[in-house]
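Notes for the one structure printed next.
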Amino acid sequence: MNSEQTSVAQECAELSASGKIHFGQVVERLTAAGIERYHADYSRGEITYYTPDGQSCTVPMAHEDGSIAIVFSPAQVEAAVRQSQRGEIKYLEFTRQALAAGCVGYFVQITGKRVQYFGRNGEIHTEWFPGADRNN
């Protein structure tokens, strides 16, 4: 990744964690920088951003220390996503709820317009970006 892309990735992680930008703004900034996807790993406390040519950079993820629930609950993940979409919670509260729902991490597929949330036993819950065409 070039230095501009790395800078945008770090800035997005910091601004999101501080509640200064929301998910849609993160996606817009990353798209403009040429980043196509990212993986948030709650177990390692880091986010890895990827470009279409396979380059990547990893930045620390700010979130409250806490254990990840053993049982994965897609319904709890979905509820947290909806609260976030309505602007009722910021990223750190979303993360707290995701950990309580047994989410170990997620992939944001910007070009695919979806987010895949993972449980510790391989469970996957997919959330589509609002207005995304699910046939593509």
Side-chain angles (χ1 to χ4, degrees):
M1 291 183 101
N2 65 42
S3 61
E4 179 185 339
Q5 290 169 319
T6 299
S7 178
V8 169
Q10 290 171 332
E11 182 179 77
C12 283
E14 291 167 8
L15 291 173
S16 183
S18 67
K20 294 181 180 172
I21 61 175
H22 57 74
F23 177 75
Q25 292 167 311
V26 169
V27 168
E28 288 173 5
R29 289 175 183 223
L30 295 175
T31 300
I35 296 171
E36 73 172 5
R37 60 192 156 90
Y38 64 96
H39 172 229
D41 186 335
Y42 288 137
S43 298
R44 293 184 51 89
E46 61 189 25
I47 305 171
T48 304
Y49 298 86
Y50 301 89
T51 57
D53 63 3
Q55 294 185 43
S56 65
C57 76
T58 301
V59 302
M61 170 195 282
H63 67 79
E64 294 179 12
D65 289 334
S67 60
I68 301 170
I70 300 296
V71 177
F72 182 67
S73 172
Q76 283 181 270
V77 171
E78 183 178 356
V81 168
R82 297 294 172 267
Q83 287 179 322
S84 179
Q85 288 173 337
R86 291 189 300 265
E88 297 169 0
I89 60 174
K90 302 285 186 190
Y91 184 70
L92 289 181
E93 174 60 20
F94 172 83
T95 298
R96 188 191 68 70
Q97 290 187 30
L99 294 172
C103 183
V104 297
Y106 57 90
F107 262 107
V108 176
Q109 310 290 352
I110 295 171
T111 55
K113 299 186 185 323
R114 70 194 86 181
V115 183
Q116 296 158 313
Y117 298 91
F118 301 97
R120 64 178 70 237
N121 295 315
E123 307 94 335
I124 299 173
H125 172 71
T126 301
E127 285 286 335
W128 292 84
F129 289 11
D133 180 359
R134 296 179 186 203
N135 295 317
N136 291 327

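Residues take their numbers from the sequence shown, with the count starting at 1.
Taking the six-membered ring where tryptophan is involved, the planes of Y117 and Y106 are tilted, since the angle between them lies from 30° to 60°.
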Can N2 and E4 be said to form a side chain to side chain donor-acceptor pair (under 3.5 Å), step by step? CA-CA 6 Å; N2 65 42; E4 179 185 339; 5.5 Å; no

Using the rule given for side-chain contact (heavy atoms from CB on, under 4.5 Å), can you reason through T111 versus R37, listing the C-alpha separation, both sets of side-chain angles and the distance that settles it, and then say yes or no? CA-CA 7 Å; T111 55; R37 60 192 156 90; over 6 Å; no

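Not a single donor-acceptor pair under 3.5 Å links the side chain of S84 to the backbone N or O of A80. Between the side chain of D41 and the main chain of S43, a donor-acceptor pair closer than 3.5 Å is present. The backbone N or O of S3 lies less than 3.5 Å from no partner atom in the side chain of S7, so there is not a single donor-acceptor pair.
Under the 4.5 Å side-chain heavy-atom criterion for Ile, Leu, Val, Met, Phe, Trp and Tyr, I124 and V77 are members of the same hydrophobic cluster.
Counting heavy atoms from C-beta outward, F72 and C103 have side chains that approach closer than 4.5 Å.
Under 3.5 Å, the side chains of Q97 and Q83 contain a donor-acceptor pair of N or O atoms.
Across I35 and Q5, no two heavy atoms sit closer than the pair CD1-O, 3.8 Å. Minimum heavy-atom separation, P74 to H125: CB-ND1, 3.8 Å.
Atom-to-atom distance recorded for R44:CZ and T58:OG1 is 8.0 Å, nearest 0.5 angstrom.
The existence of a salt bridge linking E93 and R96 is confirmed by a sub-4.0 Å separation between a basic side-chain nitrogen and an acidic carboxylate oxygen. A salt bridge does not link K20 with E11: every distance from a Lys NZ or Arg NE/NH1/NH2 to an Asp or Glu carboxylate oxygen is 4.0 Å or more.
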